[in-house]
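Contents: one structure, followed by commentary.
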Amino acid sequence: MSTFQQPDPRDRPARLSVGVVGAGRVGPALAASLQLAGHHPVAVSGVSDTSKRRAAALLPDVPVVTPAEVMGRAELVLLTVPDDALPGLVEGLAETGAVRPGQLLVHTSGRYGAKVLDPALRAGALPLALHPAMTFTGTPVDVQRLAGCSFGVTAPEELRLAAEALVIEMGGEPEWIAESARPLYHAALALGANHLVTLVAQSMELLRTAGVEAPDRMLGPLLGAALDNALRSGDAALTGPVARGDAGTVAAHVAELREHAPGAVAGYLAMARATADRALAHGLLKPELAEDLLGVLANGTEGDAR
């Protein structure tokens with residue numbers, strides 16, 4: 001159980017009214033976390049029944065209103081909409097006069113920095129990009145998981161302290177990301193987190209096909225150890241047939257995947273090539289073994305590699 005202690009609201013007298021535009025999985029959780037720090041959620045917008053139920057669960061008694069009404073009621077507004085919808089939303093809010101001078105406007109997109117909020121900045125808003133590096137479930141457990149969560153923070157230099165203070169109040173750890181580095185930062189997170197889910201799901205499907213009754217139980221300790229080793233040691237944690245240069249084993253894998261899960265072949269080959277390159281570069285894969293292995297990966301069958 002986490003021992004993180006939320007700041008005592010009495011230690012921070014400047015409390016803010018908080019609004020949420022977009023009651024997806026992220027916004028209500030962040031607003032609930034700010035509420036624990038003493039801020040006051042006053043309005044949330046949501047269209048679907050799912051969004052409204054989520055808002056009711058995480059922000060009980062907070063009214064569901066239009067985005068314009070959220071803007072009118074809150075000093076701090078969380079814009080928690082999908083990445084592709086964010087630029088249009090900001091432009092629309094600025095063009096309709098919904099943005100008020102001095103209003104803190106926070107978006108949670110990993111892709112964008114603060115510049116996407118420029119239309120609101122010109123209207124007098126204070127722009128902050130605060131991206132929690134965590135996956136969200138849309139349930140109260142997300143509020144607990146924010147303790148110790150890193151946030152990618154981008155903001156004008158004069159707002160840096162304010163941005164970092166908000167992250168700390170939510171229990172997070174601020175990590176400053178330059179405006180120009182936001183796309184790369186987001187790609188790195190997607191590469192690790194999103195693709196990990198795909199790899200684990202594919203692995204569980206294959207284990208079920210192989211007759212394993214509880215693939216999650218089998219994979220849990222293995223994947224937990226692999227993740228821990230990778231975070232501690234980087235490429236030095238590489239193990240398995242690719243890092244060892246076992247071309248025959250890799251060829252057998254490819255053959256089995258072609259028979260039982262052809263949709264997984266391309267992903268296996270791509271990841272195996274990337275693993276081989278990293279293992280070779282870090283001296284884990286012996287050059288004399290790499291030729292046969294790379295031949296298997298290039299051709300995708302054991303026969304072609306001979």
Side-chain angles (χ1 to χ4, degrees), residues 110-111 113 131-135 148-154 173 175-207 210 215 218-306:
R111 172 184 172 185
H131 174 250
M134 187 182 82
T135 58
C149 170
S150 291
F151 279 66
V153 177
T154 306
E173 297 286 344
E175 184 73 37
W176 192 256
I177 308 295
E179 182 79 33
S180 61
R182 291 290 289 210
L184 180 60
Y185 154 80
H186 194 225
L189 294 180
L191 182 66
N194 301 157
H195 297 174
L196 176 64
V197 173
T198 300
L199 290 172
V200 173
Q202 286 185 334
S203 181
M204 289 198 295
E205 288 175 355
L206 292 170
L207 286 172
M218 176 174 282
L219 285 174
L222 174 65
L223 298 185
L227 177 59
D228 184 64
N229 291 340
L231 292 174
R232 291 174 182 270
S233 305
D235 289 297
L238 283 172
T239 62
V242 173
R244 291 192 299 267
D246 293 341
T249 298
V250 172
H253 288 176
V254 175
E256 286 297 303
L257 291 175
R258 288 195 184 282
E259 180 178 353
H260 298 287
V265 173
Y268 179 95
L269 291 173
M271 289 303 300
R273 290 188 194 101
T275 300
D277 289 343
R278 299 189 73 89
L280 193 58
H282 287 80
L284 302 173
L285 174 59
K286 296 179 180 179
E288 60 269 24
L289 298 177
E291 184 176 356
D292 284 349
L293 175 65
L294 294 175
V296 169
L297 298 178
N299 295 292
T301 65
E302 183 178 8
D304 291 336
R306 290 176 177 173

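Residue numbers run from 1 in the order of the sequence given. Since the model is a prediction, treat every value here as computed from it, not as a measurement.
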Practice prompt. Could you tell me the separation between the CG atom of L222 and the CG atom of L227, rounded to the nearest 0.5 Å?
Written response: 11.0 Å
Worksheet item: About how many Å separate CG of L294 and CG of N299, when rounded to the nearest 0.5 Å?
Response: 11.0 Å
Worksheet item: How long is the gap from CG on L285 to CZ on R278, to the nearest 0.5 Å?
Response: 13.5 Å
Discussion item. Once rounded to the nearest 0.5 Å, what's the spacing between atom CZ of R244 and atom CG of L238?
Written reply: 11.5 Å
Item to complete: Please name the pair of heavy atoms, one in P241 and one in V250, separated by the smallest distance, quoted to 0.1 Å.
Response: CB-CG2, 4.1 Å
Worksheet item: Where is the tightest heavy-atom contact between L297 and A272, given as atom of each residue plus distance?
Response: CD2-CB, 3.6 Å
Fill in: Test item: V254 and Y268 side chains (from C-beta on) under 4.5 Å apart, heavy atoms
yes
Worksheet item: Just how far is it from atom OG1 of T249 to atom CG of L293, taken to the nearest 0.5 Å?
Response: 10.0 Å
Practice prompt. Please report the closest heavy-atom contact between R182 and I177, naming both atoms and the distance.
Written response: CD-CG2, 3.7 Å
Worksheet item: Taking all non-hydrogen atoms of both residues, which atom of L284 and which atom of A236 are closest, and how far apart?
Response: CD1-CA, 4.4 Å
Item to complete: Evaluate salt bridge (charged side-chain N to carboxylate O under 4.0 Å, His left out) for R232 paired with D228, printing each intermediate quantity in order.
Response: CA-CA 6 Å; R232 291 174 182 270; D228 184 64; 2.8 Å; yes
Indicate every side-chain donor-acceptor pair of residues 185-206 with a distance under 3.5 Å to a residue at least two apart or in another chain.
from : atom 1 : to   : atom 2 : distance (Å)
Y185 : OH     : H131 : ND1    : 2.7
Y185 : OH     : G152 : N      : 3.4

Discussion item. Can you confirm whether E175 sits close enough to V153 that some side-chain heavy atom of one is under 4.5 Å from a side-chain heavy atom of the other?
Written reply: no
Worksheet, complete the sentence: Of all heavy-atom pairs linking A243 and A279, the shortest is CA-CB, 4.1 Å
Worksheet, complete the sentence: By side-chain hydrogen bond (donor to acceptor under 3.5 Å, both in side chains), N229 pairs with (sequence neighbours left out) none
